[in-house]
Amino acid sequence: MGRWCEIKCNCSNREPLLEGDWAFYSTYRKKYKFRSTDKLKQVAEEWRKNLQGMYKCGHRDGTLIQLWPGDLFIIGKALDFAYKDQPESFEIFRKIYNWRNYEDEYLALTEDDVVLWELEIEQLQNYLSGEIYMGFYEQKKFNYYLRRNPLLYGNVPSTLKDGLKLCEISLISDNLVEFFW
């Protein structure tokens with residue numbers, strides 16, 4: 001399946017639209033009578049954008065937020081590398097990146113885990129901004145790992161903001177943060 005992270009919605013009308021199924025694409029296409037392949041491609045793209053996987057509540061696939069967590073995994077591995085001899089430090093980051101914690105390629109963070117992860121993210125932001133001292137060797141190891149394994153789609157501050165967004169949405173909606181390996 002690939003790595004993925006999401007938080008489901010808990011809307012009262014969380015039901016799939018019938019027109020959102022691939023089987024109903026032909027009925028959607030019948031509204032348009034034309035022979036041009038360009039127009040047909042345009043209709044198919046409009047269907048994918050507006051109806052495919054949509055729910056009555058307005059959320060695609062019934063989720064509030066979806067994102068690729070690969071950069072969070074890299075940060076978790078860098079923290080594990082830096083704090084190898086301190087197993088109580090950054091527990092949730094280490095839990096997220098380690099595939100051994102996934103059961104059938106699935107990991108869900110409970111509310112307690114999300115609160116702890118939010119504190120870890122804020123602590124790491126304070127370390128990186130210089131407000132709190134990370135430790136000389138820990139900082140050196142963390143930076144060394146990130147230089148050797150750069151983030152793929154962003155930088156550390158923006159990735160941590162995405163992590164905070166996941167925590168915030170999870171706590172507001174009272175839903176699990178789900179990771180798929």
Side-chain angles (χ1 to χ4, degrees), residues 1-11 14 52-53 55 57-181:
M1 175 181 175
R3 299 173 183 174
W4 202 249
C5 174
E6 68 184 16
I7 299 173
K8 298 279 187 195
C9 72
N10 52 359
C11 300
R14 188 177 181 271
Q52 184 182 21
Y55 279 59
C57 61
H59 296 116
R60 184 169 305 281
D61 297 325
T63 59
L64 293 171
I65 185 172
Q66 291 180 329
L67 59 90
W68 179 76
D71 288 343
L72 289 169
F73 292 161
I74 292 172
I75 291 172
K77 181 68 175 165
L79 288 169
D80 186 48
F81 182 72
Y83 290 93
K84 195 64 143 178
D85 55 342
Q86 301 172 26
E88 70 283 349
S89 297
F90 297 102
E91 293 174 41
I92 304 300
F93 265 112
R94 291 173 169 188
K95 181 179 182 178
I96 290 170
Y97 100 85
N98 191 347
W99 62 270
R100 290 177 188 92
N101 294 322
Y102 289 70
E103 188 170 318
D104 291 329
E105 299 181 354
Y106 174 79
L107 175 72
L109 297 183
T110 63
E111 184 178 349
D112 294 337
D113 290 341
V114 170
V115 170
L116 182 58
W117 189 36
E118 187 175 26
L119 293 173
E120 288 179 2
I121 293 171
E122 291 170 355
Q123 180 182 6
L124 185 57
Q125 286 176 330
N126 289 335
Y127 282 163
L128 297 175
S129 69
E131 289 180 38
I132 301 175
Y133 184 61
M134 184 177 201
F136 178 76
Y137 292 110
E138 289 83 2
Q139 180 74 45
K140 201 170 182 180
K141 287 180 180 180
F142 182 77
N143 289 337
Y144 172 78
Y145 187 86
L146 288 180
R147 267 191 317 252
R148 292 187 42 96
N149 302 288
L151 300 183
L152 298 175
Y153 292 109
N155 53 30
V156 175
S158 67
T159 303
L160 293 177
K161 284 181 186 176
D162 288 344
L164 281 176
K165 189 186 315 179
L166 284 170
C167 293
E168 179 183 335
I169 291 172
S170 173
L171 293 173
I172 289 172
S173 66
D174 201 30
N175 288 336
L176 302 172
V177 179
E178 300 174 311
F179 289 91
F180 302 93
W181 191 268

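Using modelled atom types, one finds a donor on one side chain and an acceptor on the other under 3.5 Å when comparing N143 with Q139. Side-chain contact check for S158 and N155: at least one donor-acceptor pair (N or O, by modelled atom type) lies under 3.5 Å.
Nearest heavy atom pair, residue N101 against residue R94, reads ND2-O, 4.0 Å. Looking at every heavy atom in both residues, L151 comes nearest to T159 through CD1-OG1, 3.8 Å. Nearest heavy-atom pair, E120 versus F93, reported as atom, atom and distance to 0.1 Å: OE1-N, 3.1 Å. The minimum heavy-atom distance linking S170 with N175 is given by the pair OG-O, 2.5 Å.
Looking at M134 and L124, their side chains come closer than 4.5 Å, going by heavy atoms from C-beta outward. Looking at K8 and S173, their side chains never come closer than 4.5 Å, going by heavy atoms from C-beta outward. Side-chain contact check for L166 versus L67: some heavy-atom pair is nearer than 4.5 Å. With contacts defined as side-chain heavy-atom distances shorter than 4.5 Å, the pair I121/C167 qualifies. No side-chain heavy atom of Q123 sits less than 4.5 Å from a side-chain heavy atom of N126. Inter-residue side-chain proximity for L176 and I7 is flagged as unmet; no heavy-atom pair is nearer than 4.5 Å. At a threshold of 4.5 Å between non-hydrogen side-chain atoms, the residues D113 and V177 do not count as touching. Put simply, the side chain of E6 does not reach to within 4.5 Å of the side chain of I65, judged on heavy atoms.
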Given side-chain hydrogen bond (donor to acceptor under 3.5 Å, both in side chains), test Y83 with E138 step by step and report yes or no.
CA-CA 6 Å; Y83 290 93; E138 289 83 2; 5.5 Å; no
Check the pair K77, F81 against side-chain contact (heavy atoms from CB on, under 4.5 Å), reporting the backbone distance first and the verdict last.
CA-CA 6 Å; K77 181 68 175 165; F81 182 72; 5.7 Å; no
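Atom CD1 in I92 sits 9.5 Å away from atom CH2 in W117 (nearest 0.5 Å). The distance from the CH2 atom of W181 to the CD atom of E103 is 15.5 Å, given to the nearest 0.5 Å. The CD1 atom of I75 sits 13.5 Å away from atom OH of Y97, with the distance rounded to the nearest 0.5 Å. Atom-to-atom distance recorded for E168:CD and K161:NZ is 13.0 Å, nearest 0.5 angstrom. The OH atom of Y127 lies 11.0 Å from the OH atom of Y133; values are rounded to the nearest 0.5 Å. The structure places CD1 of I169 at 10.0 Å from OG1 of T63, a figure rounded to the nearest 0.5 Å.
Ring geometry, F73 versus Y102: the interplanar angle exceeds 60°, so the pair is classed perpendicular (tilted spans 30 to 60°). The aromatic rings of F180 and Y106 sit tilted relative to each other, their planes meeting at an angle between 30° and 60°.
When the shell of 6.0 Å around CG of D104 is examined, it contains 12 or fewer heavy atoms from other residues, nucleotides or ligands. Other residues, nucleotides and ligands place no more than 12 heavy atoms under 6.0 Å from the CD atom of E111.
Remark: side-chain polar atoms of D71 are paired, donor with acceptor, to backbone N or O of L152 under 3.5 angstrom.
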